[in-house]
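This report concerns only the one structure given below.
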Amino acid sequence: MGNCIQMLADQVSLIASANTWIEGLATQQLIKTAELSGMQRVIGMPDLHPGRGYPVGAAFFSQGVLYPALVGSDIGCGMALWQTSLKHHKTSVDKLERKLGNQEQPLEQHWLALIQQRQQQLGLQATAHDQSLGTIGGGNHFAEFQQIDQLYIPAAELPGLDQQRLLLLVHSGSRGLGQQILTSHVEQHNHQGLTDQQPAQAAYRQQHDQALRWAELNRELIARRFLVAIGSEGEPLLDVNHNLVSPFQLHGQTGWLHRKGATPSDQGLVVIPGSRGDYSWLVRPIANPDLLCSLAHGAGRKWKRGDCRQRLSHKYSVNDLRYTRFGSQVICADRELLYDEAPEAYKPASAIMESLQQAGLVEPLARLKPVLTYKTRGECC
DNA sequence: ATGTGC
């Protein structure tokens with residue numbers, strides 16, 4: 001139980017079971033990031049993998065200095081889980097695929113009233129990026145229909161969750177908005193942090209918080225347009241950001257908790273998603289302040305983006321990759337992306353779950369299985 | 001990651 005939490009350096013720990021592969025470069029980046037001025041504690045999650053300078057899948061607690069570059073450009077990236085009104089046995093993969101069509105165009109005019117209503121409710125200003133609202137984006141972002149594969153607790157203990165209904169998991173973020181916020185910060189301050197005394201810190205936080213609300217609205221709009229497309233209704237079960245910075249108290253000390261690919265464990269139920277060819281888990285987090293109240297945000301890349309096509313093209317054709325071992329289908333007309341997001345490019349989700357369970361951080365509630373993963377209809381490469 | 005860079 002205890003040995004799944006490794007101490008890498010003073011105040012730097014890594015949550016990883018014996019079965020969980022962590023790349024050396026990622027731990028190097030983790031230790032390096034811990035040396036930033038004001039950094040008090042750093043926790044690597046089991047899905048830790050190398051990023052651009054800073055690792056992905058980690059939580060960083062600092063005092064006196066806030067680091068926008070640690071949050072990265074996709075501020076507010078997160079996971080929303082919706083329950084549809086459609087029973088999974090009443091539909092089929094092919095039917096869903098046909099009904100979905102292309103969901104990447106800007107939202108039609110009739111969505112404007114809802115968008116404006118939500119903007120008002122959220123205190124969200126109009127931005128130059130609002131035409132991207134309701135779009136998934138690229139990279140590891142997706143919208144995925146899933147079904148409950150297994151329940152770990154009696155159904156009666158999960159009121160509101162219906163085993164028969166199709167679920168919709170949306171992974172997206174703040175698109176160009178977060179990118180623009182980080183870029184303008186880096187233009188002025190490079191990768192330097194912002195001290196509590198600098199007005200620029202408050203200015204960043206204000207923009208950051210807008211990006212969180214924008215990203216949450218984006219996931220809601222994606223979910224709603226997918227529901228409309230399949231002729232279903234639905235309701236949100238959860239929405240949790242995994243790229244953000246927020247005020248945090250560690251042992252009575254106030255500071256900044258940066259989460260970069262780290263899911264909060266102090267905000268209710270969350271999904272720990274696997275790759276498109278793997279299970280995801282709905283879990284009840286058990287918050288642990290020493291581990292910065294954070295969890296893995298997914299399976300974690302095993303292979304670098306851009307390497308995957310070379311590694312896998314001798315083994316799988318494009319057609320092979322359109323389906324998974326579950327018989328689920330993948331909508332991804334972008335060949336490069338189809339390989340980059342292949343299940344084999346990711347660590348097994350079971351290892352991530354094992355790590356979190358051994359660390360006493362989650363109670364699994366349900367195992368979810370992919371039915372249809374939507375990436376992009378647009379051709380590329 | 002990116003209403004993407006050559």
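Quantities reported herein were computed from a predicted structural model and do not represent experimental measurements. Below, each value reflects all heavy atoms present in this structure, side chains not excepted, and no hydrogens, waters or symmetry copies. Chain letters run A, B, ... following the sequence lines, proteins first and then strands; every chain starts at 1.
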Over how many whole Å does the gap from [X] atom [atom1] to [N] atom [atom2] extend?
X        : N     : atom1 : atom2 : value
A:His171 : B:dA1 : NE2   : C1'   : 10 Å
A:Arg219 : B:dA1 : CZ    : P     : 13 Å
A:Tyr54  : B:dA1 : OH    : C1'   : 16 Å
A:Gln179 : B:dA1 : CD    : P     : 12 Å
A:Glu341 : B:dA1 : CD    : P     : 7 Å
A:Arg301 : B:dA1 : CZ    : C1'   : 12 Å
A:Asn140 : B:dA1 : CG    : C1'   : 8 Å
A:Trp214 : B:dT2 : CH2   : P     : 9 Å

Within the 4.0 Å heavy-atom criterion, would you say [X] contacts the bases, only the backbone, or no part of the nucleic acid?
X        : answer
A:Arg52  : base
A:Gly137 : sugar-phosphate
A:Ala215 : nothing
A:Gly178 : nothing
A:Gly139 : sugar-phosphate

request  = Using only side-chain N and O atoms of A:His141, determine if any of them is under 4.0 Å from OP1 or OP2 of B:dT2.
outcome  = yes
message = Determine whether a donor-acceptor pair (N or O, by modelled atom type, separation under 3.5 Å) exists between the side chain of A:Lys375 and the backbone of A:Gly139.
response = yes
ask   = Backbone N or O of A:Cys293 within a donor-acceptor pair of the A:Arg259 side chain at under 3.5 Å?
value = yes
inquiry  = Could you walk me through whether A:Gln249 and A:Thr254 satisfy the side-chain hydrogen bond (donor to acceptor under 3.5 Å, both in side chains) test, starting with their C-alpha distance in whole Å, then the side-chain angles of each, then the deciding distance to 0.1 Å, before giving a yes or no?
reply    = CA-CA 5 Å; A:Gln249 287 223 339; A:Thr254 299; 3.0 Å; yes
ask   = Parallel, tilted or perpendicular: which fits the ring planes of A:Tyr279 and A:Phe326, with parallel below 30° and perpendicular above 60°?
value = tilted
inquiry  = A:Asp290: which residues meet the salt bridge (charged side-chain N to carboxylate O under 4.0 Å, His left out) condition with it, sequence neighbours left out?
reply    = none
